[in-house]
Amino acid sequence: MDNGLTTPQRAAVEHFTGPLLIIAGPGSGKTRVITRRIARLVERGVDPRAILAITFTNRAAREMQHRVDALLPGARVWVSTFHRFCASVLRRRADVVGLDSNFTIFDKADQLQVIRHVLKELDMDAVRAQPSKISARISRIKNSFTEPDEFVRTLECRIGEPFDTLVAQVYPLYQSALLESNAVDFDDLLLHVVRLFADNPELRADYDMRYQFLLVDEYQDTNPAQYQLVRSLSVNVPNVCVTGDPDQSIYAWRGATIENILNFERDYPNAQLIRLEQNFRSTGLILRAADRLIAHNRQRKAKSLITDAQDGHAPRLLTFPDGRTEATGIADQVRTLREETGLRWSEIAVFYRVNSMSRELELGFARQRIPFQVAAGLAFYDRAEIKDLIAYLRVIDNPADQIAFLRIVNRPARGIGGKTQTHLQRWANERRVNLLEAARSADQIDGISKTARPKLKMFARMMEGLTLADYGNVSGLLTGIVNKTFFHRTWANVASEQAIEKEANVTELINAAAQYDELDEDDPSVTGFLETTALVNDGDLLDPSAGKVTLMTMHAAKGLEFPCVFVVGLEHGLIPHERAVKSDDPKQIEEERRLLFVGMTRAMQRLYLTTAQVRSVRGKPQLTIPSQFLVETEFESEDGVGFEPDDAQASPKRSAFTEKDLELRKRLKESLGSAERPLLTTGAGLLNGTHDAADLPQLFAIGMRVRHPQYGVGAVTNVTGFGRRKSVTVAFQEPSESHTFDAARCPLQPVGMR
DNA sequence: TGCCCGGTCGTTTTT
DNA sequence: CGACCGGGCA
């Protein structure tokens, strides 16, 4: 150690020019190293403005900016996210891709709206052609750098893909609709810039040389566009430093390619590789448990996790009868921890695999009166009233924005209904004018009723009176909108409690605008404010000092740490998620494992894993199967709840893992043995009788002996329904009780087949 | 125009 | 179970 840095850390900080790959395990002080490295570069005489640091999240960018500021007060190093960086480049050169510099950034909801419009135009049914599926497909096509015409052409070579045939119709229209609205979606933000750089070598070289030093965080999660971007900024001046951890790659499902980090040394042959393996975050047993788990991934460069820390508390497994008890139990445990160990609420976090699990936990925490915050739910900028106001700003800033126009033209209600809007759109599209101009000319539009015409004109006139110039700044403009539109009429007929909340949200938005106004006092711009609102996410609004327990998905937890962490629902079908299991793709299971690894390694001192024996899935209680990952790691189990071996014996040993725990692991393994079989069922398996009941529900017959991973052996007493509805009732021997299962998915295994 | 009913569907989601 | 969407009706 020197300067508080380990040898590899110091090497990373001191590395000067040329490509550098930092493989940084969890809690290895990565951010610290990057910020120190930036400071060191400046110390060596590098102009701070020649340094560009790119992260994925605003939160990470903010954090890094903060720490750089602390080391280099006043230095103008640019720390940005991929998307903000691209937005900034694109605003300067929007003309090249056919946009105006005040283009709007469409969010997910806007995209779906565009697709719905396109489907309507094509006279297609939005039920059969699911907008969200189409949107996802378009995103994937785009990210493989395939332009609409190209996609249409490739499709001609392989007829017979009904969905892609549909997408081939929608994609070109979707893209031109964006262009007509002077808008981009999140993908475009990156892809336009990639194209810009590819088509304009001198522009690319200009940016490449402007940023002499490029630092990229979380490189394992870059997608092809981001990869291309990094490459194009490091040709002339290949001083590129990327950091990441292949073991924490959890966004492959979104198009991230882990190969980007694995191939870095191939892409930059003279790259230096530095590994940060020492963990400064977690205590020994937590780290060991995580290490054990991740060691099960085969597609992996072996990496060790080292710590000087003491063993500390072993991870614990808590088992509960059902999800509700689990929620209450966790809340109880949280309270106990606070009372006994002095942990503060804000030092405790609960992670789950899917957002839908937050509800039960929220209820549990509310029941136990424990303060909590959820990093999801209805994000501030997703609320209807906020979206409406933002839409007003969007139309004011970019009158071509059709989606925003259609959102507000009748909000609050002013008698401009669907029919009127359709005629307005048709007329505007024919003449290639924007909807606001069309509204101004309402008198000339056929099909629009006499009553609607003056209303449209009044609306257009009102919008003309709402400009930034008239109000001076964005918050003033927002206030003007609220007043001129009699915005409170929007919620004229909602319950007063909700109305108060909506009112408060509006005030909050105006406050946010006021904050923005202060920041950019000399250069107020609606575009700028809209960009900040478009590029925030739920996690950004979390307050780490709120004095509350934090609930979030494991994905959202990446990059964070908490003294105490609960990972809930360690069940087959949840972690690993059903979809990964069903895909039969070992890569997807490995990603699930990495996800759990990320979750576990957030914990500094205490880690709890929980399972419920019954979990309601879509309203239906289902018996659960323990996650296979439990067998792959190490933990202590709670006394007296679930999975206790019958021959329980006192455990005098003070080693972290008792006989009981070993026994428990053995049992988990056994139960998994039967659980996993249906996934592997083959024709051969059917023939030699090793198949599982789950695959052939029709085989259940009254009197048949079956085995259940938790309830043991029993006999079928009743079979009702058929097909997917089929259910089986089984009387178990001990404890002598009966349970009814969904035949298609229960983990019942026939024993002693006749 | 807006409300209610019924049918459908259901990961994760840095931006 | 619950959110969301579209259709039908007041």
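Chain A is the first sequence line, chain B the second, and so forth, proteins listed ahead of strands; every chain is numbered from 1.
Using a 4.0 Å cut-off between charged side-chain N and carboxylate O, A:Asp110 and A:Arg394 make a salt bridge.
In this structure, the nucleotide among B:dT14, B:dG10, C:dG6 sitting nearest to the side chain of A:Thr57 is B:dT14. Of the candidates B:dT12, B:dT15, B:dG10, B:dT12 carries the atom nearest the A:His555 side chain, counting heavy atoms from C-beta on. For A:Phe186, the side-chain atoms get nearest to B:dT15 when compared with the rest of B:dT15, B:dT14, C:dC1. Taking every side-chain heavy atom of A:Thr81 into account, B:dT15 is the closest of B:dG10, B:dT15, B:dT12. Closest approach to the A:Phe56 side chain among B:dT13, B:dT14, C:dA3 is made by B:dT14 (side chain taken as heavy atoms from C-beta onward). Of the candidate nucleotides B:dT1, B:dT13, B:dT15, B:dT15 has the atom lying nearest to any side-chain atom of A:His83. Residue A:Trp253 places its side chain closer to B:dT13 than to any other of B:dT13, B:dT1, C:dG2. Comparing B:dT15, C:dC1, B:dT14 by their closest approach to the side chain of A:Asn58 singles out B:dT15.
Residue A:Arg414 places no side-chain atom within donor-acceptor reach of the base of B:dT1, judged by atom type and a 3.5 Å distance cut-off alone.
Between A:Val89 and A:Phe197 there is a side-chain heavy-atom pair separated by less than 4.5 Å.
Tested against A:Asn102 for a side chain to side chain donor-acceptor pair (under 3.5 Å), the candidates A:Asp397, A:Asp401, A:Asn398, A:Asn182 yield a single pass: A:Asn182. The residue from A:Arg300, A:Arg593, A:Arg594 that alone fulfils the side chain to side chain donor-acceptor pair (under 3.5 Å) condition with A:Asp247 is A:Arg300.
Heavy atoms of other residues, nucleotides or ligands lying less than 6.0 angstrom from CZ of A:Arg367 number more than 12.
Nucleic acid contact class of A:Gly415 (heavy atoms, under 4.0 Å, all strands): sugar-phosphate only. Using a 4.0 Å heavy-atom cutoff across all strands shown, A:Ala413 reaches sugar-phosphate atoms only and no base atom. Note on A:Asp221: a base of the nucleic acid sits closer than 4.0 angstrom, heavy atoms only. Among the protein residues, A:Arg353 comes within range of the nucleic acid bases, having at least one heavy atom under 4.0 Å from a base atom. Here A:Lys133 lies in heavy-atom contact (under 4.0 Å) with sugar-phosphate atoms only. Heavy atoms of A:Ile416 sit under 4.0 angstrom from primed sugar atoms or phosphate atoms, though from no base atom.
Remark: the separation of the P atoms in B:dT13 and C:dC4 is 15 Å, to the nearest Å.
Spacing between atom CD of A:Glu360 and atom P of C:dC1 amounts to 13 Å, rounded to whole angstrom units. Look at CZ on A:Arg140: it is 18 Å from P on B:dT12, rounded to the nearest Å. For the pair A:Met552 CE and B:dT13 P, the interatomic distance rounds to 11 Å; values are reported in whole Å. Computed from coordinates, the A:Lys108 NZ to B:dT12 C1' distance equals 11 Å when rounded to whole Å. Put simply, CG on A:Asn410 is 7 Å from P on B:dG2, counting in whole angstrom units. Distance, A:His117 NE2 to C:dC5 C1': 15 Å, rounded to whole Å. Separating the CZ atom of A:Arg84 from the C1' atom of B:dT15 is a distance of 9 Å, rounded to the nearest angstrom. Whole-Å rounding puts the A:Leu530 CG to B:dT15 P distance at 17 Å.
Once the 5.5 Å centre distance and the 30° plane angle are applied, the aromatic ring of A:Tyr251 is found not to be stacked with the base of B:dT12.
A:Phe459 and A:Phe405 have perpendicular rings, their planes meeting at more than 60° on a 0 to 90° scale where under 30° would count as parallel.
Of the two residues contacting DNA chain B, namely A:Glu591 and A:Gly417, the nearest-nucleotide position lying further toward the 5' end is that of A:Gly417. Taking the nucleotide of DNA chain B with the nearest heavy atom to each of A:Ala256 and A:Glu592, the more 5' of the two is matched to A:Glu592.
Ring centroid separation for the pair A:His555 and A:Trp253 comes in under the 6.0 Å cut-off.
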